[in-house]
Amino acid sequence: MKLGVFVSDFKLTVDTLDRLKAEKLGLILVQNGVYHATTKENGKASSLLEKTPNLYALSDDIQIRGLKVTDVDKRVKVVNYSDIVDLIFNDYDKVAWL
Amino acid sequence: MKLGVFVSDFKLTVDTLDRLKAEKLGLILVQNGVYHATTKENGKASSLLEKTPNLYALSDDIQIRGLKVTDVDKRVKVVNYSDIVDLIFNDYDKVAWL
Amino acid sequence: MADVKLAFIVQKPQYKGETSRLAITHAISYQTVEILLEDGETVTPKLCFIGEGVLGLQKGQNAMELYGITSTESHMKNTLLVDLDVLVCKEDLDRYGIPEDAMPDADEMGADKKIQVVPFTEIQKAMEEAKHVLFF
Amino acid sequence: MADVKLAFIVQKPQYKGETSRLAITHAISYQTVEILLEDGETVTPKLCFIGEGVLGLQKGQNAMELYGITSTESHMKNTLLVDLDVLVCKEDLDRYGIPEDAMPDADEMGADKKIQVVPFTEIQKAMEEAKHVLFF
Amino acid sequence: MGKLALGCYPGLVGNMSYDFALKLADAAVSKGHTVSIWFSGNATGSVKSHQKHLKDYSTGEKHLLALVAKGVEICTCEACTVARGIQKPEGIEGVQWNAMHWYLGKIHAADRVLLIGGE
Amino acid sequence: MGKLALGCYPGLVGNMSYDFALKLADAAVSKGHTVSIWFSGNATGSVKSHQKHLKDYSTGEKHLLALVAKGVEICTCEACTVARGIQKPEGIEGVQWNAMHWYLGKIHAADRVLLIGGE
């Protein structure tokens, strides 16, 4: 399956995510999930960013927090709501909010 | 200070709890916090039970989950709402819900 | 599209919040959705419990006596009675030391269905086969 | 009991839910509580941010433009303007790589108070000195 | 164009998961997709009319009305709603009231389903 | 006897942190303590009257009324409540409406304070 997963918390238990398998896995970082893209803990980027090359973070949720798009890890594509609609319909056949 | 802490989740980030110091620390396990008292993960009891000798778990929240008082770790005292009121007023001068 | 298969994945424990309970009641409502669909159209959820979601299933719950609410155990019996597939992750039961025979059944109510304790790969398969996955 | 000291400890990040925002607005309301108290009675909260609670403080927030709501930054400025002590845990800022100068100030509004970046021991001390501790 | 069936459980105003659902619905319908939203649990509290729009809350009644006007079908779980003391005449106009199978019906027809759980 | 000032943010019916606050209040007042409860955030949705008591919800209106009858002072954050579309005449009788400083005032007089946060 092609599965797009919305990650809305920073220190979410990643148990579920660790076990999920998909031919194509996308992670869409929203709300506090955007910290995975912008924030290094003890100098180390979030391990979530290694799970898949298909990484997205919601621009509004970056900016509302006073973070800058330049803070975002290079592996992560910054998207808006309209882009997310296209991801849902064009890139993934199932989507989940963990 | 004498601090009574209510633990209402099982896999709560224990960061805060790890750093809190109190001459007398009490942990009152409620809601999903009671699993700390009843459930061993991979055969190991919760590390929370080593933080203090003052451990309590709410009877109603054990029983509603189909757990038995006999499942409760011996270090933990099973209490009811009335006991919790007494703990709050007699045993701790500050209480917190984490 | 006569039948639409769904995977309901419950990962939160029962009782603290509402989400994990609503997963069950929403699954049960598959039984009455036909009034909104064309003839021959159906929706078939599989109800799967993983992670901490397996914690709230044990037999012997006292929700009605203690809180005046319907227990998850009772909701699970209804789920079996309306013939839904219920999958519980074996690795997670093992991890938390919960024996398989602690799972509720609805034998006394005449249900043929049983809760199926399965390896996670079976739950992964349910997600693959489903048209949509819903995480609770 | 002329003055009652409180420690407000914010450990949840701002914006997803309401709790961490309500901590700030409740602290600010210390200013108007005198109408409910006897002469000379006061309540003095210290607003402390620890753990993930430090994440939502950075300057340059765009809450009004993007969501039409008051930003935490703006709430923090009000907090400084009403002369409340705000302590932010230095270890946690370091852990998340947030520089001290990313903390908001209310200089341009004429506030004398600044956010104090302090080691956790200072926040522990605020909890010790307080009559009550409230975790948000 | 596609059909999107959103489910939203957390809420109400004040919780930004709820806001996400509304903003995503708006973006999808603006692109020509057909969108439905199902409210259950705490999110059902958001169908009460006469909400005062304060600056600490991102969305709410006026956004729901705007979505309804754009053709988004919105339905609240009747049981969850009356449990919260909200009766149908007090609800926002244009929002439907139904049982849980309404959502399963929308899911049947949908190309994509996103359920936002949590409280 | 002592004075307990509870603060309750999560709710409303359906969330068992809310239930905990009500049950603890009941236990404390039954022992002769003086108890106040402050509702803020989502918990303010619980002051709407005419709640239907369904079997999936533990507490709600009738429990609030019982607490008020036992002398527990209950107050809802007015701003949070009107943001949810609930006006004072629609509220449960006996529940007070006030601003956040009401809670700080109760805290001033209290021997013990328990704030239950979360959504």
Side-chain angles (χ1 to χ4, degrees), chain E residues 8-22 39-65 74 76-95 97 99-100 116-119, chain F residues 8-22 39-65 74 76-95 97 99-100 116-119:
Chain E
C8 183
Y9 291 48
L12 33 158
V13 285
N15 181 303
M16 298 190 81
S17 299
Y18 175 88
D19 298 340
F20 180 89
L22 265 52
F39 288 138
S40 183
N42 272 342
T44 63
S46 74
V47 305
K48 175 83 174 67
S49 61
H50 304 303
Q51 293 171 27
K52 194 167 166 93
H53 284 270
L54 303 174
K55 288 218 171 117
D56 269 334
Y57 298 108
S58 179
T59 59
E61 184 170 11
K62 69 181 173 195
H63 297 86
L64 286 183
L65 285 168
I74 302 179
T76 189
C77 173
E78 180 155 4
C80 295
T81 316
V82 296
R84 284 157 178 80
I86 302 164
Q87 314 301 322
K88 216 167 169 172
E90 301 170 316
I92 293 170
E93 220 184 296
V95 172
W97 292 49
M100 294 178 183
I116 300 178
E119 314 301 316
Chain F
C8 182
Y9 291 48
L12 35 160
V13 284
N15 180 304
M16 298 190 82
S17 300
Y18 176 87
D19 297 340
F20 180 89
L22 266 51
F39 288 137
S40 183
N42 272 342
T44 64
S46 74
V47 305
K48 175 83 174 67
S49 60
H50 305 304
Q51 293 172 27
K52 193 167 167 92
H53 284 270
L54 303 174
K55 287 217 170 118
D56 270 334
Y57 298 108
S58 180
T59 60
E61 184 170 14
K62 69 181 172 195
H63 297 86
L64 286 184
L65 286 167
I74 302 179
T76 189
C77 173
E78 180 154 3
C80 295
T81 316
V82 296
R84 283 156 179 81
I86 303 165
Q87 314 301 322
K88 215 167 168 173
E90 301 169 316
I92 293 170
E93 221 184 295
V95 172
W97 292 48
M100 294 179 184
I116 300 177
E119 313 303 314

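By convention in this document, chain letters (A, B, ...) are assigned in the order of the sequence lines, proteins followed by strands, and residues within each chain are numbered from 1. This one's a predicted model, so the numbers in the text were calculated from it and none came from an experiment.
Nearest heavy atoms, His50(F) versus Gln87(E): O-NE2, 3.2 Å.
With hydrogens and angles disregarded, no donor-acceptor distance shorter than 3.5 Å links the side chain of Glu61(F) to the backbone of Gly85(E).
Taking chain F as the reference chain and counting heavy-atom pairs below 4.5 Å, the highest number among Val47(E), Leu54(E), Ile92(E) is found for Leu54(E).
Scored by the side-chain hydrogen bond (donor to acceptor under 3.5 Å, both in side chains) test, Thr76(E) finds Thr81(E) as partners (sequence neighbours excluded). Taking the salt bridge (Lys or Arg N to Asp or Glu O under 4.0 Å) definition, one finds that Glu78(F) meets it with nothing, sequence neighbours left out.
Taken from NZ in Lys48(F) to NZ in Lys48(E), the straight-line distance is 6.0 Å, to the nearest 0.5 Å.
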